[in-house]
Amino acid sequence: MDLTFSPDQEAFRMEARTWLQANVPSPGSLRSLDTAEGFEDHRAFERTLFEAQWSVVSWPKAFGGREVGIMEWLIFEEEYYRAGGPRRVSQNGIFLLAPTLFEFGTDAQQSRYLPAMASGEEIWCQGWSEPDAGSDLASIRSRATKTEGGWLLTGQKTWCSRGAFAHRCFGIFRTDPSAERHRGLTYFLIDMATPGVTVRPIAQLDGETGFAEVFFDDVFVSDEDVLGGIGEGWKVAMATAGSERGISLRSPARYTEAAGKLIDLLAAHSQEVGALGLDPRGAIADDVVKAYVDAEAYKLHTYMTATKVREGHKVGAEASATKIFWSETDVNLHQAALRLLGPDAELMVPNGHGGLDLSDWLDGYLFALSGPIYAGTNEIQRNVVAERMLGLPRA
Amino acid sequence: MDLTFSPDQEAFRMEARTWLQANVPSPGSLRSLDTAEGFEDHRAFERTLFEAQWSVVSWPKAFGGREVGIMEWLIFEEEYYRAGGPRRVSQNGIFLLAPTLFEFGTDAQQSRYLPAMASGEEIWCQGWSEPDAGSDLASIRSRATKTEGGWLLTGQKTWCSRGAFAHRCFGIFRTDPSAERHRGLTYFLIDMATPGVTVRPIAQLDGETGFAEVFFDDVFVSDEDVLGGIGEGWKVAMATAGSERGISLRSPARYTEAAGKLIDLLAAHSQEVGALGLDPRGAIADDVVKAYVDAEAYKLHTYMTATKVREGHKVGAEASATKIFWSETDVNLHQAALRLLGPDAELMVPNGHGGLDLSDWLDGYLFALSGPIYAGTNEIQRNVVAERMLGLPRA
Amino acid sequence: MRFSFTDEQLAFRSAVADVLSDWCTPADLHARYVELNAEAGRSHARWNALAGLGVTGLVVPEHLGGLGLTDLDLIGIAEEAGAVVLPEPLATTAGVVFGTLGSVPGMEERLAAAIDDLMTATFGGVDFGAERHRVSTTLNEGIASTPRVAHCHADLLLLVVVIDGATELHLVDREEVTVDATPALDLTRELGTIHWRPTEGTLLASGSHADRFVEQLVERSALYAAAELLGLCQAMLTLTASYVTERKQFGVPVGSFQAVKHHLAGARVRLEFARPAVYRAAYTLANGEPTLAHDVSMAKSLAADAADEAARVSLQCHGAIGYTYEYDLHFAMKRAWGLSAAWGDARSHRARILDLVVESRS
Amino acid sequence: MRFSFTDEQLAFRSAVADVLSDWCTPADLHARYVELNAEAGRSHARWNALAGLGVTGLVVPEHLGGLGLTDLDLIGIAEEAGAVVLPEPLATTAGVVFGTLGSVPGMEERLAAAIDDLMTATFGGVDFGAERHRVSTTLNEGIASTPRVAHCHADLLLLVVVIDGATELHLVDREEVTVDATPALDLTRELGTIHWRPTEGTLLASGSHADRFVEQLVERSALYAAAELLGLCQAMLTLTASYVTERKQFGVPVGSFQAVKHHLAGARVRLEFARPAVYRAAYTLANGEPTLAHDVSMAKSLAADAADEAARVSLQCHGAIGYTYEYDLHFAMKRAWGLSAAWGDARSHRARILDLVVESRS
């Protein structure tokens, strides 16, 4: 066991830190990711990252990466969050689709899509959930029928994150109408500009539109844009689902960074407490530390998992445990912050409590609340943990 | 709405308080209820209560009661817990069986059993659960076959509280072997001294034996000891189950009294805290107040329910909500106490923390932990609340 | 001891509930949310329908133009207003401001006129703390600024300020103030900072006299927030129960899954046991009992926890649709989040209870 | 960065686990529980089998008769000892007492003999507090009384006392003390008050020198308790998973109910994330890193919470049978309750973490 980083890794960290310090936009200078203008602001930053080879550090150099290992990726992420880097608009592509493309994509598909994804030129949305499917992917109804040189897609996808503004969409459709459940599904890579695609943005709680419904009406997709073979959609999609829940999406730095800010907020609050007469016994303090401890525990667990991955082990049902843990940690962390803020919590104005904007905590809370729901609800993940890690019988 | 007591009620309270002050044994002077000697100590106190007409205040005078209403019963209970009265060894009889006897018993059965129950002369145990039934009463397998003048009972009952030392047992047996689930069951009143009854005490966590398994091997029960008719066992048992979960068993005084002692424990702890350097931020304080608030809320809810009952309304699915709430409150209350006691919590020695013996809190905790389990697990109660109070579909 | 409402009380509550459900549908709320960015304040038609029932003067003595009833008659109505997420300040006007003004000497005419003119009213300038109340109004060259006032576009504003070390309570007209709306998650409560000028003419009480009124105003604010939270809690659970009964996954209603049932049942139980505490506090208030602080803190902490749990569970049982602006859940959820933290959150109230109980036992 | 054990470490752990599972079955525990009231101390046969593997001297340098390995080699073994609810003080002897004595000058011979004689050892006289350690030993006419010492019948006792304001650390033989057993829920940890006489001959260190050792002893105690808790947690979950898979209700295994699954999964997740924190703290200890206090508190708070949740969930999923003396669950459950509170409960450790983190950030 060695919990230190090598000199090369430390050098890599310093290089990243230096570059990020100089290039990460100051807080608030990018407009909201869930608006058309903000979407473009974030794309521009992706381009900056890409040009300095920081957008996809673990990828092959041919596609714009640095070919570094998983530990270096974690180091980069730590530095990215430490520097206060903005949310990644290319996330669906680089974290969800890319691992699948690396595993199932043809050389042509990889060269065609990966660099454009890494540079922010093409932003992807995901087309998985359907109005009557939700977390139950196997009940998908959208269908694709064979046509000359390709397929015609028809149906409706919903909760497509980034769907309002994305250029491309990856999703699964039923290619064999007689097959049921997991069978007869195929994974497609779709150009959102194709005739027949209609996007209806979905307004969120805060009125912004990070999600969309996407309607497909005989949308043509060529045979080259089938990923992983006809009828193989379920297998390919499960690989992506693994990514979404697993290590590649949720770097611990995101939580440890927020936990640090939460501690600062508590310290600032404790100084005010005498004057305010609010909650003098500080019952909230324990919640704050609990959130901090969980964020740190998540980091340690990730390093352990990364070690396993690097040594060739597969991540199995632990990915479900991981999903439950980070999503609950994220909620607890933001909930503790909102409790500290008290009646100020609902205000959407920056006012510098604990060095952070109020609205950042509120935004973070709304975002965190979706954690237990997306990427397979935690209810489903708990079934997986119970059945596969504890051997409980299926219902 | 009137939340005050009438002068008559206040007079009743003072009478009870005066008597209890003079007659309740000092703490620790009765040996443990779950031992043979302690069982007799507690029976002797029941006799004292009975002779002064305090053992079953709400019963008709003919059976040893005072014929007072439900509010007076609540007042008596408040005073009983306030005085530190011991656990009632006659509880299964007076709180569980008696309501059923009043509803379904013949005059002869009532005269035969109620006074002896009220005086502690005959202590009852319950014979419901079976090794393979648990909370699922309808899957009962113990059977009764008709014989001259009565029935022969065969089978096994388990988790019979007070079973190790009780004189009589009430329980349901299958009288129609061809019937399934809820049908063909009959409720019997059984003399534990009948040949064929074998009692095997079950040692609990603390080594004592409040529970027993009871084996029946062609045990004769006369026709007069059928309660509520052949094949009516399910209906009659459900009435008792209602009592067990409902208002008559769990007087709020039990929780409010413990909550008060918990507050005292916290106050004592807070004075020590500086010297001990233990948990200076007192995160436990919030748990303590939460337990206090819940105990008080339970009291208020009970007064509201009592008002309804007095005005002729039936208690329905609310009894399930009530069961969930008191059992969780009881656990939380004792858990907060044990947290305050820290490493002293597991000691089974009196050492006067906060004026209470350590072992009282530990005993109370072990007892409380069974709350979510007995009388229909809280899992099942939650199904009832969801289905009947919120209208959710059955599985 | 009779812990229940009278038939008259229940009938009046039910009549108001009918008006509320006619006038304040989810469609109205959707429209209101859009509207609020343009012309803020209230829906005059709806407010007139409600206030026309006499609800705003419910606890005001009859000789001052009120109905001469008590907080026990009003508390259930506040619950109903919560259940429909009524954007207008019904409980604040009737329960908090008019409920207090009825006992302020010299206010008789003003109050009678306000009731008669179907005015809305609000109260601001104090934060709830565990041990005491902190005045939040700041003063700069004679101009007072009171932050985070809910229903900031009300006709009448009862505001607190400290001048030369003494608390002052002022009654200010809408025309005399500048409103600076504060962006917040729950638009329907219309938070804003009020800029105003305390004068002889607006002064209602000062010093210890004012402190007593402020104390009552704060208890009333917390209590009526608790009542609204009960209604919000009920509304969220009802909406969610109906959603999970309709919505199918893996071929069966989501509501038949045990985990969903248990989450919702847990929240329903919290609601069941919060309700009596709120009613008891209303009784304490109506009867001038000395346990008001303790009883209000019980009510607010239980109602806030119940509503928080209902909000979390509802969102979870809805899945992604609960996040959307178009679906109805967010109205009640945002309002519940806001009211749960307003006038002392559950923990602040529990901290106060601890002080009071420790004191009373020693 | 390589966060995993070596193959050798895993193999050794596995070898010890085999011995433990041979020698410490539920039947042995049942027998032990009966026995304990008569002759306390240890099962000599079992202890000799374990100590004979060299485990007690595992972290002691080779020249002192140990195996010269590190706490990273021992931590997983402590976990295995927890998993079988081993009544003997394996982790306390090897990890806490011998692990510390190895660095006390002048102890060489004594330690080598103790390892050679397969002795058991324990440590007592200090309570864990959020900000500092409090000595619990009292002194009366030259006789010291140390309460709540676990494994009070050990051969060697490392005890703390304050004399004339200075901390003193003493090493006392079993023969030199009087043991006054304390009735406790978990009999296997054998709590007791030790009456003993501090002398020149027993004195090991005093003043700031002693403080440093005591500090290390306390951190080691908390860390090894955390490791045992992981094992206990795993054991309770395994037992419960197998019970709910066998046990049927309403015609199906109880473990197929979603509510049961979700309870158990929740506890399993807590265990999953507690484990790396315990291993990290062992690494920190083995490498003398300056973050020991922080890392031990992370480990203990996470492990205690995981074990508490596992105990509660296990009892709940078992129903009534979990309450019985004859069924095996109570061994692990009682031990978990005891160890969770010993050497600082989760909250005390979180309070310490807060201090350390606030300090490091400001």
Side-chain angles (χ1 to χ4, degrees), chain A residues 1-6 9 71 74-75 259-261 263-264 266-267 270 282 285-290 292-294 296-308 310-311 313 318 320-326 328-329 378-379 381-387 389-395, chain D residues 1-6 9 70 72 237-238 240-242 244-245 252-258 260-277 279-280 282-284 286-287 289 294-295 297-299 301-302 305 346-347 349-354 357-358 360-362:
Chain A
M1 194 174 292
D2 177 9
L3 302 188
T4 60
F5 292 104
S6 69
Q9 285 169 332
M71 291 298 173
L74 285 170
I75 290 169
K261 285 180 183 145
I263 297 272
D264 294 342
L266 175 66
S270 302
D286 193 55
D287 288 349
V288 168
V289 195
K290 211 182 273 176
Y292 164 85
V293 166
D294 284 350
E296 292 289 317
Y298 181 60
K299 182 176 80 178
L300 295 174
H301 189 269
T302 304
Y303 279 119
M304 207 166 205
T305 308
T307 302
K308 273 192 210 162
R310 208 183 40 193
E311 298 183 357
H313 299 275
E318 295 89 347
S320 291
T322 302
K323 156 85 212 286
I324 294 168
F325 195 79
W326 67 245
E328 289 183 350
T329 298
N378 282 6
E379 314 293 302
Q381 306 303 344
R382 282 196 191 90
N383 289 345
V384 174
V385 169
E387 289 161 17
M389 295 179 81
L390 288 165
L392 263 52
R394 287 169 173 274
Chain D
M1 172 65 64
R2 183 179 180 277
F3 196 171
S4 71
F5 292 100
T6 63
Q9 284 166 337
T70 76
L72 273 173
L237 294 178
T238 304
T240 308
S242 112
V244 299
T245 303
V252 293
V254 169
S256 65
F257 297 143
Q258 225 188 2
V260 170
K261 282 188 184 171
H262 289 191
H263 280 311
L264 283 170
R268 182 64 185 77
V269 169
R270 295 299 316 170
L271 171 61
E272 180 74 14
F273 286 84
R275 221 170 232 147
Y279 298 158
R280 191 263 302 258
Y283 174 89
T284 303
N287 290 275
E289 301 282 341
H294 173 276
D295 296 351
S297 283
M298 282 261 308
S301 66
L302 284 161
D305 276 350
R347 293 190 183 196
H349 280 284
R350 283 197 293 267
R352 183 165 81 158
I353 290 170
L354 182 58
V357 176
V358 166
S360 79
R361 290 184 72 86
S362 61

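Sequence lines set the chain letters: A, B, ... in the order given, protein chains first and strands last, and positions in each chain run from 1.
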Query - D:R270 portion near chain A, given a 4.5 angstrom heavy-atom threshold - result: side chain

Query raised in the report: Considering only heavy atoms, which portion of D:F257 lies under 4.5 Å from any heavy atom of chain A: side chain, backbone, both, or neither?
Result: neither

Query raised in the report: Say you draw a straight line from CZ of D:F3 to NE2 of A:H301; how long is it, rounded to the nearest 0.5 Å?
Result: 9.5 Å

Report summary line: The reported gap from OG in D:S4 to CG in A:D2 (rounded to nearest 0.5 angstrom) is 10.5 Å

Report task. Using non-hydrogen atoms and a 4.5 Å limit, figure out which bit of A:E328 sits close to chain D: side chain, backbone, both or neither. Result -> neither

**Report entry** Contact origin within A:K308 toward chain D - heavy atom pairs under 4.5 Å
**Finding:** neither

Report task. Against chain A, label D:R2 side chain, backbone, both or neither, depending on which of its atoms sit under 4.5 Å from a heavy atom there. Result -> both

Report task. Would you mind telling me which of A:L392, A:N383, A:L3, A:V293 has the largest number of heavy-atom pairs within less than 4.5 Å of chain D? Result -> A:L3

Query raised in the report: Counting distance only, does the side-chain N/O of D:H262 pair as donor-acceptor with the main-chain N or O of A:E379 below 3.5 Å?
Result: yes

Report task. Look at the side chain of D:R361 and the backbone N and O of A:D264, then say whether any donor-acceptor pair between them is shorter than 3.5 Å. Result -> no

Query raised in the report: Side chain of D:K261, backbone of A:P393: donor and acceptor closer than 3.5 Å?
Result: yes

Requested in this report: Among A:D294, A:V384, A:V288, single out the residue with the greatest number of heavy-atom pairs under 4.5 Å to chain D.
Outcome: A:D294

Requested in this report: Taking the side chain as every heavy atom from C-beta outward, state whether A:T322 and D:F273 have any atom pair closer than 4.5 Å.
Outcome: yes

**Report entry** Nearest-0.5 Å distance, CD1 of residue A:I324 to CD of residue D:E272
**Finding:** 10.5 Å

Query raised in the report: What's the spacing between A:T4 OG1 and D:Y283 OH if we round to 0.5 Å?
Result: 4.5 Å

Report task. Answer yes or no: is there an ion pair linking A:D287 with D:R350, defined by an N-O contact shorter than 4.0 Å? Result -> no

Query raised in the report: Relative to chain A, which segment of D:T245 carries a heavy atom at a distance below 4.5 Å: side chain, backbone, both, or neither?
Result: both

Report summary line: Distance col, row A:M71:CE vs D:M1:CE, nearest 0.5 angstrom, shows 6.0 Å

Query - Region of D:R280 that comes under 4.5 Å of a non-hydrogen atom in chain A - result: both

